[in-house]
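Each chain gets a letter, A, B and so on, in the order the sequences are listed, and its residues count up from 1.
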Amino acid sequence: MRIYDSVQKIKREFIPQEEGKATLYVCGPTVYDNAHLGHAKSALVFDLLTRILRANGLNVTYARNITDIDDKIIKKAREQKKDIKEITDFFTEAFHKEMSSLGVSRPTIEPKATESLEAMFTLIQKLIDNGHAYKTQDGDVYFDTASDSEYLKLSARVQEDEDRQERVESSSLKKNPADFAMWKSVKDGSLTFTSPFGEGRPGWHLECSAMIEKHLACENNEFSVDIHGGGADLLFPHHENEAAQTRCGSSHTLANYWMHNGFVNINGEKMSKSLGNSFFLKDALKQYDGEVLRFYLLSTHYRSNFNFNTEDLTTAKKRLDKIYRLKKRLFGLAENSDTTSFQTELLTALSDDMNVSTALALIEDMLSTANETLDTAGKHKLLKRETISNLTYIENILGFGVQNPFEYFQFGVDEATKEKLATLIQQRDEAKKEKNFEASDKLRDTILACGVSLMDTPQGTFWEKI
RNA sequence: GGUGCCAUCGCCAAGUGGUAAGGCCGUAGCCUGCAAAGCUACUAUCCCCAGUUCAAAUCUGGGUGGCACCUCCA
């Protein structure tokens with residue numbers, strides 16, 4: 001397995017600290033709003049990574065946190081006059097449901113900030129004790145960036161000129177403009193926690209560091225985790241700060257490998273609140289099959305920026321359709337787990353920094369070979385066995401083709417329409433039997449007008465929603 | 001302004017020193033009552049210029065054009 005390390009900026013052979021095991025930590029959502037396509041991309045990328053690592057025989061512990069303490073959550077709760085927990089529970093549940101629609105497996109553990117406060121206190125205290133953090137008159141606790149000679153090395157950033165920073169941080173009691181809060185003193189009562197440092201809330205960067213130490217780090221290892229992942233925007237300041245806290249407050253270096261996924265843009269524009277063009281997953285899932293979205297979002301390299309548009313989504317669906325059409329041809333045949341050279345090649349491609357493009361090329365080659373052989377020698381038993389095994393392998397490692405192939409093609413069609421279609425198809429079949437092609441073609445046109453395409457096969461007439 | 005990334009067929013997109021994968025679209029054909037689906041065939045020398053090399057889309061320098069981060073963000 002080779003992984004592009006976005007800190008060293010090279011592809012590196014993945015060697016876990018403990019043989020046969022891998023630990024992965026990914027920054028998860030702050031649960032104050034609906035998940036958008038960017039959250040989906042990140043979750044999908046690391047879901048795929050986990051599957052590939054496991055296919056390579058590793059026992060993976062994958063942690064993705066839920067940030068349920070945050071200023072934006074409080075703001076939302078105030079606006080909607082709701083309890084904080086009501087907000088966070090609602091969006092956490094929605095997140096899980098939407099991820100499930102995309103075929104994203106649940107991480108091994110999903111730590112919540114609210115459940116990891118003790119670990120945060122411990123880390124802050126350690127940093128205060130060893131001189132890497134300080135408390136201000138206001139009761140805030142800041143990380144002292146000047147005390148860490150390694151600071152900014154992770155994101156390869158140079159110290160910024162003071163003019164620039166002072167504009168942002170004019171009214172602070174910080175020693176240094178770059179210092180960041182680990183504990184924010186809050187006295188107005190909303191979502192505060194009692195800590196050894198007073199009433200307040202933890203800083204966002206701290207949450208991740210503390211949760212990693214609590215759930216994943218192993219005392220004797222050099223690194224807290226093997227791989228740390230997240231969106232490309234998190235490298236600075238979030239990951240830089242996390243790394244500083246862990247470096248100075250524990251016996252570990254935070255991560256051995258860093259992976260950052262590219263951004264999702266919408267029709268060439270950055271998706272953002274201010275532009276008002278966020279594409280929420282819940283809206284996308286109303287229009288499109290979650291698996292189509294999965295296929296589309298995973299079909300280009302995870303590090304590239306992704307430009308979401310409906311034309312390319314349609315193309316992605318056509319590619320996924322081909323997998324399902326072959327599944328239809330082999331429907332009902334017994335499963336088996338033959339290992340084939342195709343599977344080895346597929347895993348090799350995916351193990352090269354998740355080269356999905358090459359993997360898809362291999363899949364499409366396998367599909368056309370299988371179709372060709374079925375066309376010319378329909379009773380080829382070994383080929384059928386191997387093809388079924390290959391399709392199952394694709395399902396497991398990529399999560400493509402997991403549905404019933406007939407139901408897949410009926411996405412978004414209600415029961416009443418299905419019954420109507422069944423009747424029309426039956427009428428058409430009868431007309432065909434009587435060689436009344438004028439009538440049968442007319443019925444087909446009627447069906448086509450409903451956005452449904454017909455296919456006559458030796459097994460009968462099948463339909464697909466276009 | 002600082003830092004970094006990118007530029008491959010009409011569109012999407014791999015390949016990062018050894019002579020351009022794949023998909024969509026398109027054209028022709030096979031199959032079909034006709035279709036649909038499936039199959040077969042056909043379509044680029046890699047933004048520009050210079051250099052290194054036996055050999056470059058792949059390395060170096062320059063140019064042009066995109067984009068991202070530097071502030072909460074996946």
Student: On a whole-Å scale, what distance lies between the P atoms belonging to U27(B) and A68(B)?
Tutor: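 Result for the P pair: 37 Å, nearest Å.
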Student: Between Leu360(A) (CG) and C24(B) (P), how many Å, whole number?
Tutor: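 Nearest whole value for this atom pair: 12 Å.
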Student: Quickly work out the Phe95(A) CZ to A74(B) C1' distance and round it to whole Å.
Tutor: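 Distance, rounded to whole Å: 9 Å.
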Student: What pairs with His260(A) under ring pair (Phe, Tyr, Trp, His ring centres under 6.0 Å), at least two apart in sequence or on another chain?
Tutor: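 Partners of His260(A) by the ring pair (Phe, Tyr, Trp, His ring centres under 6.0 Å) criterion, ordered by chain and then number, come out as His239(A).
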Student: Does CD in Glu79(A) sit with more than 12 non-hydrogen atoms of other residues, nucleotides or ligands closer than 6.0 Å?
Tutor: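 More than 12 heavy atoms, drawn from other residues, nucleotides or ligands, come within 6.0 Å of this atom.
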Student: Counting only Watson-Crick pairs (N1-N3 plus N6-O4 or O6-N4) and G-U wobbles (N1-O2, O6-N3), all under 3.5 Å, who is the partner of C34(B)?
Tutor: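 Paired with no nucleotide.
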Student: Can you tell me how far C1' of G22(B) sits from CG of Leu346(A), to the nearest Å?
Tutor: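 Taking CG of Leu346(A) and C1' of G22(B), I get 13 Å after rounding.
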Student: Counting only Watson-Crick or G-U wobble pairs whose two distances fall under 3.5 Å, which nucleotide matches C67(B)?
Tutor: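 Result: G4(B).
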Student: Of all residues at least two apart in sequence or in a different chain, which pass the salt bridge (Lys or Arg N to Asp or Glu O under 4.0 Å) check with Arg325(A)?
Tutor: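 Counting only residues at least two positions away or on another chain, Arg325(A) forms a salt bridge (Lys or Arg N to Asp or Glu O under 4.0 Å) with Asp321(A), Glu464(A).
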Student: Applying ring-ring contact (aromatic ring centres under 6.0 Å, His included) as the test, list every pair that has at least one member in residues 298-323 of chain A; sequence neighbours left out.
Tutor: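 For residues 298-323 of chain A: Phe279(A)-Phe308(A), Tyr296(A)-Phe306(A), Tyr296(A)-Phe308(A).
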Student: For nucleotides A35(B) and C30(B), find the distance between their C1' atoms and express it as a whole number of Å.
Tutor: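 Going atom to atom, C1' in each nucleotide, I get 15 Å.
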Student: Expressed in whole Å, how much space separates the P atoms belonging to A28(B) and C11(B)?
Tutor: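 Result for the P pair: 23 Å, nearest Å.
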Student: Using a 4.0 Å cut-off on protein heavy atoms (strictly under), produce a 5'-to-3' string for nucleotides 29-42 of chain B with B for base contact, S for backbone-only sugar-phosphate contact, and - for none.
Tutor: ----BBBBSSSS--
Student: Set out, line by line, the N/O atom pairs under 3.5 Å between protein and nucleotides 15-18 of chain B.
Tutor:
{"from": "G15(B)", "atom 1": "OP1", "to": "Asn355(A)", "atom 2": "ND2", "distance (Å)": "3.4"}

Student: Provide, to the nearest angstrom, the distance between the CG atom belonging to Leu234(A) and the C1' atom belonging to A74(B).
Tutor: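 My rounded result for the distance is 6 Å.
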Student: To the nearest angstrom, how far is Arg319(A) atom CZ from A21(B) atom C1'?
Tutor: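 Nearest whole value for this atom pair: 11 Å.
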Student: Could you check whether Gly38(A) gets within reach of a base, just the sugar-phosphate, or nothing at all, counting any heavy atom under 4.0 Å?
Tutor: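 Base, at least one base atom sits under 4.0 Å.
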Student: Taking a pair as Watson-Crick or G-U wobble with both distances under 3.5 Å, which nucleotide is matched to A28(B)?
Tutor: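 WC or wobble partner is U40(B).
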Student: Determine the interatomic distance between C1' on U58(B) and the same-named atom on U45(B); round to the nearest Å.
Tutor: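 U58(B) and U45(B) have their C1' atoms separated by 12 Å.
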Student: Provide the Watson-Crick or G-U wobble partner of C54(B), both distances under 3.5 Å; none if there is no partner.
Tutor: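 Answer to the pairing question: G18(B), which forms a Watson-Crick or G-U pair with C54(B).
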Student: Lys418(A): what forms a salt bridge (Lys or Arg N to Asp or Glu O under 4.0 Å) with it, not counting sequence neighbours?
Tutor: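 Residues passing salt bridge (Lys or Arg N to Asp or Glu O under 4.0 Å) with Lys418(A): Glu415(A).
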Student: Tell me, please, which residues at least two apart from Tyr288(A) pass ring pair (Phe, Tyr, Trp, His ring centres under 6.0 Å).
Tutor: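 Not a single residue meets the ring pair (Phe, Tyr, Trp, His ring centres under 6.0 Å) criterion with Tyr288(A).
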Student: What pairs meet the ring-ring contact (aromatic ring centres under 6.0 Å, His included) rule with one or both residues in residues 446-466 of chain A, with sequence neighbours excluded?
Tutor: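 Output for this query lists Phe406(A)-Phe462(A).
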Student: Salt bridge or not between Glu110(A) and Arg64(A)? Use side-chain N to carboxylate O under 4.0 Å.
Tutor: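 Between Arg64(A) and Glu110(A) there is a salt bridge, with a charged N closer than 4.0 Å to a carboxylate O.
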Student: Less than 4.0 angstrom from a charged side-chain N to a carboxylate O is my criterion; do Arg329(A) and Asp375(A) meet it?
Tutor: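 Result for this pair is yes, salt bridge flagged.
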Student: Hey, does Ser155(A) reach any base, or is it just sugar-phosphate, or nothing, if we go heavy atoms under 4.0 Å?
Tutor: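 Here Ser155(A) touches no strand at all.
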Student: Using the P atom in both, what is the distance from A74(B) to G66(B), to the nearest Å?
Tutor: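 It comes out at 29 Å once rounded to the nearest Å.
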Student: Heavy atoms only, 4.0 Å cut-off, all strands: where does Ser42(A) land among base, sugar-phosphate and nothing?
Tutor: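 Counting heavy atoms under 4.0 Å across all strands, the contact made by Ser42(A) is with sugar-phosphate only.
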Student: Of all residues at least two apart in sequence or in a different chain, which pass the ring pair (Phe, Tyr, Trp, His ring centres under 6.0 Å) check with Phe437(A)?
Tutor: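 By the ring pair (Phe, Tyr, Trp, His ring centres under 6.0 Å) rule, Phe437(A) matches no residue at all.
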Student: Using the C1' atom in both, what is the distance from C49(B) to A37(B), to the nearest Å?
Tutor: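 Per the computed distance, 50 Å lies between those C1' atoms.
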Student: Using the C1' atom in both, what is the distance from A57(B) to C9(B), to the nearest Å?
Tutor: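 One C1' to the other, the span is 14 Å.
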Student: Heavy atoms under 4.0 Å, any strand shown: does Val264(A) hit a base, just sugar-phosphate, or nothing?
Tutor: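 Since a base atom lies under 4.0 Å of Val264(A), the category is base.
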Student: Between A14(B) and U8(B), how far apart are the C1' atoms? Round to whole Å, please.
Tutor: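 Comparing C1' positions in U8(B) and A14(B) gives a spacing of 10 Å.
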Student: Are the ring centres of His205(A) and Phe180(A) closer than 6.0 Å?
Tutor: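 Under 6.0 Å, so yes.
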Student: Over how many whole Å does the gap from Met366(A) atom CE to G22(B) atom C1' extend?
Tutor: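 Interatomic distance, CE of Met366(A) to C1' of G22(B): 14 Å.
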Student: Lys72(A) or Ser299(A): which one's nearest nucleotide on RNA chain B is closer to the 5' end?
Tutor: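 Looking at the nearest nucleotide for each, Ser299(A) comes out on the 5' side.
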Student: Report the residue (Leu37(A) or Ala156(A)) whose heavy-atom-nearest nucleotide on RNA chain B is the more 5′ of the two.
Tutor: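 Nearest nucleotide further toward 5': that of Ala156(A).
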Student: Roughly, in whole Å, what's the span from CZ in Phe295(A) to P in C24(B)?
Tutor: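 Distance, rounded to whole Å: 10 Å.
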Student: How long is the line joining NZ of Lys153(A) and P of U3(B), in whole Å?
Tutor: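 One finds 18 Å between P of U3(B) and NZ of Lys153(A), rounded.
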Student: Check every strand shown and say whether Lys318(A) touches a base, only sugar-phosphate, or nothing at a heavy-atom separation below 4.0 Å.
Tutor: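 Sugar-phosphate, backbone atoms only, no base.
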